[in-house]
Amino acid sequence: MYTQALNQQDGVATQATPASEDAGAVARFEARVAAEDKIEPNDWMPAAYRRTLVRQISQHAHSEIIGMQPEGNWITRAPSLRRKAALLAKVQDEGGHGLYLYAAAETLGVSREELYAQLLSGKAKYSSIFNYPTLTWADIGAIGWLVDGAAIMNQIPLCRTSYGPYARAMIRVCKEESFHQRQGYEIMLTLSRGTAEQKAMAQDALDRWWWPSLMMFGPPDGESQHSDQSMRWKIKRFTNDDLRQQFVDATVPQGHHLGLTFPDPELRFDAEGGHWRFGAIDWAEFKAVLAGNGPCNRQRLKTRRNAHESGAWVREAALAHAAKRRARAAQPARAAE
Ligand SMILES: [Fe+2]
Ligand SMILES: [Fe+2]
């Protein structure tokens with residue numbers, strides 16, 4: 001798999017950056033996208049389409065992998081066996097999502113090693129939300145409910161994204177995300193119906209995770225660098241602001257059902273428009289966290305680097321095992337000669 005990806009990359013390096021792209025080929029590509037045809041790895045595609053996808057899919061993969069840390073932090077402290085089993089399964093699912101997505105990115109001719117190197121050096125971005133700390137058990141509820149809830153809003157439309165391998169990976173990912181969201185909401189429900197102290201924990205978690213969850217949809221449409229072209233190429237199917245509004249509309253009634261309040265004095269239902277209107281998002285905070293200055297950025301990368309280094313022997317052992325199997329498979333053929 002790995003060597004194959006490297007070879008593909010060699011082929012792609014020349015193919016992906018032509019001096020000028022043939023207008024006819026671009027027009028044929030755009031007509032296919034407009035007709036809802038899926039673009040597959042061996043199909044011709046504009047270099048910018050390939051670059052955008054590599055960036056988006058790899059950022060998505062990194063987010064899944066880094067996203068294992070805030071919740072992994074609570075596996076040993078889950079309050080019951082049932083909660084521990086569910087959380088363990090959820091964190092493992094996130095690792096699996098990372099793997100599908102790295103595999104999807106590899107089909108575009110980039111190697112997994114290259115993508116890891118970009119993450120570990122701090123060059124690649126991942127979702128800003130995972131740089132916030134998980135202070136209490138209620139944070140596990142709030143993350144499942146809000147963070148996975150926001151991920152679902154983002155990812156359901158990606159099941160129809162124009163690039164085939166990405167769209168197919170998303171179908172399975174989304175099924176698992178709904179379980180993540182429900183387990184989180186169930187934790188919030190249990191805490192909100194519990195003692196006054198438990199309800200206060202749930203409220204505190206909502207207060208801390210609400211605004212960072214809204215930031216997960218990315219900058220407002222007017223400032224989003226890549227939005228227009230991504231919409232035209234059907235890499236994105238809705239704008240950041242549209243998805244954010246959908247999330248708020250779905251989530252506010254759920255919070256009220258819990259008997260909790262949102263940390264936004266401007267939140268109100270606009271009966272005419274049929275939407276929950278919310279206050280201004282602190283984009284300065286978003287930019288600071290994205291630039292590496294959130295509460296946990298350094299810790300997250302350090303943990304990831306340590307895991308990568310201490311897992312080196314597993315990768316080496318797997319490669320050695322694969323080489324032995326290949327050698328063994330070749331032997332009977334030689335004996336028969
Ligand atoms: Fe995920
Ligand atoms: Fe998830």
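First listed ligand is number 1; within each ligand, the first listed atom is number 1.
Heavy-atom neighbours of Arg237 CZ from other residues, nucleotides or ligands within 6.0 Å: above the threshold of 12.
The atom of Glu177 nearest to the Fe ion (ligand 2) is OE1, with the search restricted to N, O or S atoms. When the Fe ion (ligand 2) is compared with the N/O/S atoms of His180, atom ND1 turns out nearest. Nearest N/O/S atom of Glu94 with respect to the Fe ion (ligand 2) is recorded as OE2.
Checked against the 6.0 Å centroid threshold, His62 and Phe130 do not count as a close aromatic pair. Residues His180 and Trp145 keep their aromatic ring centres 6.0 Å or farther apart. Ring to ring, Phe29 and Tyr49 are close: their centroids are under 6.0 angstrom apart.
Between Glu64 atom OE1 and His97 atom ND1, the angle centred on the Fe ion (ligand 1) amounts to 100° (nearest 10°).
With a cut-off of 2.8 Å, the Fe ion (ligand 2) has an N, O or S atom of Asp148 in range.
Summarising the geometry of Phe179 relative to Ala86, their closest heavy-atom pair is CZ-O, 4.0 Å, with the distance given to 0.1 Å.
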